[in-house]
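What follows is a set of notes on a single structure, which appears directly below.
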Amino acid sequence: MISISGMSTLVALKLVDATEDKEQALLREEPEHARAIEHFLENISDVESVDDLMGDYELYSFVMKAYDLEDQIFGKAMMEKVLKSNIEEPDALINRLTDPRFKELYSAMGFGTDGEGNINTALRSWRNRVVEKYIDTQYVNDKTDENEALGTVLEFRRKAGEIETAFDILKDPEMSEFFRTILGLPTQMASLDIDRQAEMLTDRFDLETLKDPEEVEKLVRKYVAISDANSDFTSTNGAVQILSGVANSGSGSFLPVTIDIEAIAGFSGYKLR
């Protein structure tokens, strides 16, 4: 894996765009991941229930890592209850969890009522998709460990097309941070009522633009420019104009951070469209 540690987010993104496919192929061949993939492909077709999955710790760990839930692997009892939930019931555990990763895993696995029955595991196409998801998740997480802003950009690219409402953004900490950054909204916004946060987002941004790949990339470049402007890489650049966000505690309103994006973009060697 090519190290991006110490690079500006702009340089790191350009490198990632040029090498991502090759790096993911190499990642798949690393012994740790190669063994995990082999075990998954050889054994997942025998899983016909949640109990079957929980009975094989390696399979359970693999799907948890694939759907970015490695930090929840220890909560095996809770995950069993999640996967056995009936999503049609409003008060089901799966519907009471706000972290979108749980629902993504639940939907992807596709177990039947009370966790019994599964036709997905017998399908080669499904198995291959989970393997691809596993590798992609490891790749993004590795890059995030080296450059958090780059990791947020990679996550945004992957999730942008699935965002339909402001609440889809607000339930995801990384997406919330991305949009607060590009819209110049302060972190204190997160303490407001969720409906008020949603209103602030929709007032300032047209979610329909996320259906346009060119607009998505435009937002990526804007986020990268601001992130680098707020880092040590360009903080001494005279073209960068940063005015601190000020919270008005009396009214509960905020003055957003203002940054001369065009100046930053020009300094960074590219133009924002």
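For clarity, every value in this text was computed on a predicted model and none was experimentally measured.
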Exercise for review: Decide, yes or no, whether a salt bridge links Glu20 with Arg157 under the criterion of side-chain N to carboxylate O below 4.0 Å.
Suggested key: no

Point to revise | Approximate separation, where rounding is to 0.5 Å, of Leu183 CG and Leu201 CG | key: 6.5 Å

Revision key, fill the gap. CE of Met189 to CG of Leu170, rounded to nearest 0.5 Å, is 5.5 Å

Review point. Quick check: does any side chain N or O of Ser85 sit under 3.5 Å from a backbone N or O of Val82, one acting as donor and the other as acceptor?
Key: yes

Point to revise | NZ/NE/NH1/NH2 to OD/OE distance under 4.0 Å, Glu104 and Lys133 | key: yes

Practice item. Before giving the answer on side-chain contact (heavy atoms from CB on, under 4.5 Å), spell out for Met78 and Gln72 the whole-Å C-alpha distance, their side-chain angles and the decisive distance to 0.1 Å. Key: CA-CA 9 Å; Met78 187 194 78; Gln72 299 295 322; 4.3 Å; yes

Exercise for review: Report yes if some heavy atom in the side chain of Leu219 is under 4.5 Å from a heavy atom in the side chain of Phe205; otherwise report no.
Suggested key: yes

Review point. When you measure from the side chain of Thr121 to the backbone N and O of Val47, does any donor-acceptor pair fall under 3.5 Å?
Key: yes

Check your understanding: Okay, side chain of Ser8, backbone of Val11: is any donor-acceptor separation there less than 3.5 Å?
Key -> yes

Practice item. Evaluate the side-chain contact (heavy atoms from CB on, under 4.5 Å) criterion for residues Val153 and Val224: first the C-alpha distance (whole Å), next the side-chain angles of each, then the deciding distance (0.1 Å), finally the verdict. Key: CA-CA 8 Å; Val153 163; Val224 167; 3.9 Å; yes

Exercise for review: State, to 0.1 Å, how close Asn120 and Asn118 come at their nearest heavy-atom pair, and which atoms those are.
Suggested key: N-OD1, 2.7 Å

Exercise for review: Drop me the distance from Leu41's CG to Arg124's CZ, to the nearest 0.5 angstrom.
Suggested key: 10.0 Å

Exercise for review: Check the angle between the aromatic planes of Tyr223 and Phe178 and answer parallel, tilted or perpendicular using the 30° and 60° thresholds.
Suggested key: parallel

**Study point:** Approximate separation, where rounding is to 0.5 Å, of Asp193 CG and Met200 CE
**Key:** 11.5 Å

Review point. Within the side chain of Asp206, is there an N or O that forms a donor-acceptor pair under 3.5 Å with the backbone of Glu208?
Key: yes

Practice item. Output all residues satisfying side chain to side chain contact (heavy atoms under 4.5 Å, CB included) with Arg129, sequence neighbours left out; order by chain, then residue number. Key: Ser125, Trp126

Point to revise | Counterpart residues, side chain to side chain contact (heavy atoms under 4.5 Å, CB included), relative to Glu146 (two or more places apart) | key: Ser3, Ile4, Ser5, Lys143

Practice item. Please name the pair of heavy atoms, one in Glu48 and one in Phe111, separated by the smallest distance, quoted to 0.1 Å. Key: C-CE2, 4.4 Å

Point to revise | Any donor-acceptor N or O pair under 3.5 Å, side chains Thr152, Glu148 | key: no

Exercise for review: Given side-chain contact (heavy atoms from CB on, under 4.5 Å), test His39 with Leu59 step by step and report yes or no.
Suggested key: CA-CA 7 Å; His39 182 82; Leu59 286 180; 3.9 Å; yes

Review point. Does Phe167 share a hydrophobic cluster with Leu97, counting links as ILVMFWY side-chain heavy atoms below 4.5 Å and allowing steps through other members?
Key: yes

Quiz: residues 86-94 side-chain donor-acceptor pairs under 3.5 angstrom, not counting sequence neighbours:
from, atom 1, to, atom 2, distance (Å)
Asn86, OD1, Glu88, N, 3.1

Review point. Is there a side-chain contact between Thr187 and Glu177, using heavy atoms and a 4.5 Å cut-off?
Key: no

Revision key, fill the gap. Rounded to the nearest 0.5 angstrom, the CZ-CG distance for Phe62 and Leu53 is 12.0 Å

Practice item. Please report the closest heavy-atom contact between Asn43 and Asp56, naming both atoms and the distance. Key: CB-OD2, 4.4 Å

Revision key, fill the gap. All heavy atoms of Ala190 vs all of Gln197, minimum pair found to be O-NE2, 3.3 Å

Review point. Any sub-3.5 Å donor-acceptor pair from Asp136's side-chain atoms to Glu132's backbone N or O?
Key: no

Practice item. Give the intermediate values and the outcome of side-chain contact (heavy atoms from CB on, under 4.5 Å) for residues Asp142 and Glu23. Key: CA-CA 11 Å; Asp142 286 347; Glu23 283 205 88; over 6 Å; no

Study note, to complete from the structure: Exactly one of Arg28, Lys65, His33 clears side-chain hydrogen bond (donor to acceptor under 3.5 Å, both in side chains) with Tyr134, and that residue is His33

Practice item. Rounded to the nearest 0.5 Å, what's the gap from CG on Asn230 to OG1 on Thr181? Could you check? Key: 8.0 Å

Review point. Which pair of heavy atoms, one from Val16 and one from Tyr139, lies closest together, and at what distance?
Key: CG1-OH, 3.2 Å

Check your understanding: With hydrophobic residues grouped by side-chain heavy-atom distances under 4.5 Å, do Ile169 and Ile194 end up in a single group?
Key -> yes

Check your understanding: Are Tyr67 and Leu123 grouped together when hydrophobic residues (ILVMFWY) are joined by side-chain heavy atoms under 4.5 angstrom apart?
Key -> yes

Check your understanding: Which pair of heavy atoms, one from Glu70 and one from Gln138, lies closest together, and at what distance?
Key -> OE1-OE1, 4.5 Å

Exercise for review: Among Thr144, Asn147, Val140, Val220, find the residue that satisfies the side-chain contact (heavy atoms from CB on, under 4.5 Å) test when tested with Leu154.
Suggested key: Val140

